[in-house]
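Contents: one structure, followed by commentary.
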Amino acid sequence: MSCPGWDPLSNCLPHRRFTMSERKIKYVPQEIEPKWQKRWVDSGLYSTVEDPSKEKYYFLTMLPYTSGDLHIGHWYAMAPSDTAARYRRMKGYNVFFPIGFDAFGLPAENAAIKRGIHPHTWTMDNVANMRRQLKTMGAMWAWDREAVTCLPEYYKWTQWFFLKFYEHGLAYKQEAPVDFCPQCNTTLAREQVWGDDRHCERCGTPVVKKDLNQWFFRITNYADELLDFSKIDWPERVRVMQTNWIRRSEGADVVFKTEQGDDMLIFTTRPDTLWGATFMVLAPEHPLVDKLTTPEQRAQVDEYVAQARRQSDIEREATDKEKTGVFIGAYAVNPVNGRRIPIWIADYVLMSYGTGAIMAVPAHDERDFQFALKFGLPILPVIKRTDGLSKSLVFPGSVKDLSAVEGKLGELGITWERKPVGALGDGLFVTLHGEAQTDAYIALLQAQILPGNWNEVVGTRFAFVFDDGAREFDSLEAGEAILARCKAIWPPVRDNRTLMEMLYHLEFYRDALFHADYGDMINSGAFTGTPGESAKRQVTAWLKQQGVGDLAVRYRLHDWLISRQRYWGAPIPMIYCDHCGIVPVPYEDLPVLLPEDAEFLPTGESPLVYHEGFLNTTCPKCGGPAKRETDTMDTFMCSSWYHYAYVSPYYQGDVPFDPEKGRYWLPVDQYTGGIEHATMHLMYTRFFTKAMRDIGLVDFDEPMKRLFNQGMILGEDSEKMSKSRGNVVNPDDLVATLGADATRAYLMFIGPWDEGGPWNSLGIEGISRFLNRVWEVVTGPIPEPKGQATDKDVAALRRITHQTIRRVTDDIEHFQFNTMLAALMEYNNYIVKAKNTPVAHTPAWDEAVRSLVLLVAPTCPHIAEELWEFIGGGYSVHQQPWPAWSEELAKEEAITLIVQINGKVRDRLTVPAGLPDDELKKLALESEGAKRYTEGLTVVNAIVAGGRLVNIVAR
RNA sequence: GCCGAAGUGGCGGAACCGGCAGACGCGCUCGCCUCAAAAGUGAGUGGAGGUUGCUCCAUGUGGGUUCGACUCCCACCUUCGGCACCA
């Protein structure tokens, strides 16, 4: 073998003898890391160039908030991203890996109040410190495109977006009950209220409801499009969370007329149950409540409304709570059958969803069912069960011959149980399936029933068998008649207000009385018999034709509330004029600057409210005196478009970013960040992009093509890191002691990136050892050869080299950094041993060392650069092409053939790779282990799997 | 309650599409080196038994499918995350 051209895939260099004098003795990360970081900056290695000749790759990691100190969590999010970005670059892409700072937000303001530091000063000091800390990571960030969101040059464009959205009807102001955080003293978007105690996403304080006039973005205009993930490759988890958050419901809007003549609009997902609507329920806050309440009910209604107001949302929304409500004295008319039905108010109906009013169909809605039972409201099944189930309890003493009934049941194939009913004696608990059984059973009851008794069948059929015949419960009137008769027969049931209430007292019947299936329509006038699959569609069409309803789609998603009653944010660029009303600030007047001389007092109120200079302005329309909007924007607005800003930060043109550069870089190819933003930032930024598209700023639909969510790094105690717990790991200390490369690599080695996991201070020592061994094997002297290297040894070394290139490549592609490092460690262990053999004097050794350094480069950029220079690779290792592998060279020449007898490993044979299956079968059957374990048995079968395992089946 | 993810040695975790369970690392044990220690380095390390180049048991629990199951199916338990009277 001769070196140049000996193999096109080899990364071979002229063979080089190392001498002790040029040998670097020790790996000292503290020396090499700053050295190379400086060199990278000085040589402009990571300056951004829009190079049309290269394929671009926009790799983005969620921007950090300017908290002041870089946390190991930042490293956990950023170091693996950098590794993947560096890998892409070596693969030949023009990689854009920008960084910036999310710089507006309440902590800055709190610092101002507490310590008298201006938020701007506090923030920019933090930015400076974080920038310094970030630079120790040795990442390939495009610092030349950094953006800080609190600078006027940036927030001018955030305000510009507000104006554009306003112009396009996507921003509006409305008085509404909104969530307010008493700790942060500001309103929050619905997405920023978390957990079952409804706490503020930032500070954890439970929120309260307030009626305020606030600015909203019409994110709901895009609800359907936001539910479409077909154009992006995002994790299932995020897609599910966003889908659940938006929650689309398809149904119908139906108008019910009140007896007073008012229109009462309700939304229902079950228009097919309209004939079963036996009462209406309004949210206590519903605007019609006051108007409709009759004088007799007034006191009770007022009391209930007041009490509902007093209650917190958590109390109100507790699902296990007993239903409460009050009849308001008024009636509505069911448009499908003209039936007069009472109107109630109850707090289980929420003003914030649908129309704040519902038709109650107690037979097919769990909540309505509970409510009807409690208040004695009528219940009529109008949808047939789909499971065909019916039940019947043959009461003790109600039939002529219980044993004869049992015998007949057995003949009919009906299941029953004979059990005592209280102290009354034995009864039969009968469960029926299907029409035929039910009919036969009713006939049997009819024949057996004693005078002065009745029995009933409930479920798919509701039939009451009296001594003079059976009566079906197929209308409310029939129900009343049946109940009256039952009361006459057996006085103990006289307290029941409805037939269902009577039946509900029997535990055995409960699961048969109510269901929410889509079944065939029953008891529904002309629609009776409409099949379940088409019932909803047919009824909706008919409603539309009748002019009393129409198809409707509702979302759980609310419009995005963006007003914040804080100073440290981008001021909403709006002006209030007594003459002209709400007037937008003209584009040429942007940015609306935050006044620097604001006073920060612990009043809880925004200093802007009292700042005369800021507050007073002139109306852009009429020139008269006017007031500015004092609310600022949700900081999620800043981060909704930052990846556009990075393309040309603080752009001076007439749009927010350079269209030319945008065309080259956008959209983001790969985004990484925490899952906690699933229904906030990640939803808002999708909305922004769609709105930007409709405004004509971009020509694509989604901001980020691929997304990966990393997990969370925990303290050594497996708890969330926090100062109070004292389990915080400081990256600065790690850089100082073990180096950035070891810290980066350890974070990637902990486990799967998307799972996160606890920090382990001994674990990182292992990585440090690994790096020392890499250093040693590359820089240490090669022992004198003891003989000639054999072709076999050379092939073995090249095999593992090429296998490792393949493994590492595949792992980085899939963000499996932990197994990537395991592969590198195995590889390093191998070549450390090989170094003492004659192969260390062959070109294959050079290939191995070069490959090792190149494969380590994305993960540990500094040590790789130093070692690359040492082996004469030239500057820079990060500009080298990623090593390629040869399948041919990576192929195993021998494999371990596993011999199993009945699924248990009984022998292992070393055989040449690629033998045909029957050959493998033969070898396996002849093996020592096979013979021993099949003795006395007959070999029934032998299965060859994957060319490396034979399972012999012997009986 | 509903939806989703996950349960593998002392620990973090490997195991491609159903085919050698425990890669790699930490820790631990015993060597070497050293006056000694640290560092480094060699060997071992799932459990139980044993006649010590042997057997059995093991991937949360219990069933099932299969020649063969950490992997697929059913039920259950536990943990974590999201949603929660959404009409």
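All chains are named by letter (A, B, ...) in the order of the sequence lines, taking the proteins before the strands, and each is independently numbered beginning at 1.
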Do [X] and [Y] have their ring centres less than 6.0 Å from each other?
X: A:Tyr348; Y: A:Phe371; value: yes
X: A:Trp560; Y: A:Phe636; value: no
X: A:Trp759; Y: A:Tyr746; value: yes

**Message:** Checking understanding here: a glycosidic angle within 90° of 0 is syn, the rest anti, so what is B:C83?
**Reply:** anti

**Asked** Mind telling me whether B:G9 is syn or anti, cutoff 90° either side of 0?
**Response** syn

**Prompt:** Does A:Arg773 make a cation-pi contact with A:Tyr27 (under 6.0 Å, within 45 degrees of the axis)?
**Reply:** no

**Asked** Looking at A:Trp75, does the NZ or CZ of A:Arg744 lie under 6.0 angstrom from its six-membered ring centre and within 45 degrees of the ring axis?
**Response** no

Determine the Euclidean distance between corresponding [atom1] atoms of [M] and [N]; express it in Å to zero decimal places.
N: B:G18; M: B:G42; atom1: P; result: 38 Å
N: B:G13; M: B:A6; atom1: P; result: 14 Å
N: B:G60; M: B:G9; atom1: C1'; result: 15 Å
N: B:C16; M: B:C54; atom1: C1'; result: 33 Å
N: B:G50; M: B:G40; atom1: P; result: 39 Å
N: B:A69; M: B:G19; atom1: C1'; result: 10 Å
N: B:C83; M: B:U71; atom1: P; result: 32 Å
N: B:U78; M: B:U61; atom1: P; result: 15 Å

Rounding to a whole Å, what distance do you find between [X]:[atom1] and [N]:[atom2]?
X: A:Trp759; N: B:C11; atom1: CH2; atom2: C1'; result: 16 Å
X: A:Arg932; N: B:C54; atom1: CZ; atom2: C1'; result: 8 Å
X: A:Arg367; N: B:A87; atom1: CZ; atom2: P; result: 7 Å
X: A:Leu762; N: B:C11; atom1: CG; atom2: C1'; result: 10 Å
X: A:Ile901; N: B:C20; atom1: CD1; atom2: C1'; result: 14 Å
X: A:Ile898; N: B:G18; atom1: CD1; atom2: C1'; result: 16 Å
X: A:Trp753; N: B:G12; atom1: CH2; atom2: P; result: 22 Å
X: A:Ile383; N: B:A87; atom1: CD1; atom2: C1'; result: 15 Å

**Prompt:** Checking all strands, does A:Gly766 fall into the base, sugar-phosphate, or nothing category for heavy-atom contacts under 4.0 angstrom?
**Reply:** sugar-phosphate

**Message:** Counting the atoms with a prime plus P, OP1 and OP2 as sugar-phosphate, which does A:Arg906 contact under 4.0 Å by heavy atoms, base, sugar-phosphate, or nothing?
**Reply:** sugar-phosphate

Checking contacts here: which listed nucleotide ([options]) is nearest the side-chain heavy atoms of [X]?
X: A:Arg948; options: B:C16, B:C85, B:G12; answer: B:C16
X: A:Arg773; options: B:A84, B:U41, B:C16; answer: B:U41
X: A:Val349; options: B:C3, B:C24, B:A87; answer: B:A87
X: A:Asp347; options: B:C24, B:C85, B:G19; answer: B:C85
X: A:Leu949; options: B:G13, B:G19, B:A87; answer: B:G19
X: A:Asn818; options: B:A14, B:C85, B:C67; answer: B:A14

Does [X] have a side-chain nitrogen or oxygen under 4.0 Å from the phosphate oxygens OP1 or OP2 of [N]?
X: A:Arg237; N: B:G81; value: no
X: A:Lys904; N: B:C57; value: yes
X: A:Arg769; N: B:C24; value: no
X: A:Asn829; N: B:G25; value: yes
X: A:Arg556; N: B:A84; value: yes
X: A:Ser249; N: B:A87; value: yes

**Item:** 5′-ward residue of the pair A:Glu236/A:Gln900 relative to RNA chain B
**Value:** A:Glu236

**Item:** Residue whose nearest RNA chain B nucleotide is more 5′ - A:Thr896 or A:Asn951
**Value:** A:Thr896

Watson-Crick or G-U counterpart of [N], or none if no pair lies under 3.5 Å:
N: B:G68; answer: none
N: B:G46; answer: B:C57
N: B:C17; answer: none
N: B:C83; answer: B:G1
N: B:U41; answer: B:G31
N: B:G7; answer: B:C77

**Asked** Does a sphere of radius 6.0 Å around NZ in A:Lys720 hold more than 12 heavy atoms from other residues, nucleotides or ligands, not counting ones at 6.0 Å or beyond?
**Response** no

**Request:** Give the intermediate values and the outcome of side-chain contact (heavy atoms from CB on, under 4.5 Å) for residues A:Thr324 and A:Tyr304.
**Result:** CA-CA 9 Å; A:Thr324 60; A:Tyr304 186 78; 2.7 Å; yes

**Message:** Which label fits A:Trp753 and A:Phe817: parallel for a plane angle under 30°, tilted from 30 to 60°, or perpendicular past 60°?
**Reply:** perpendicular

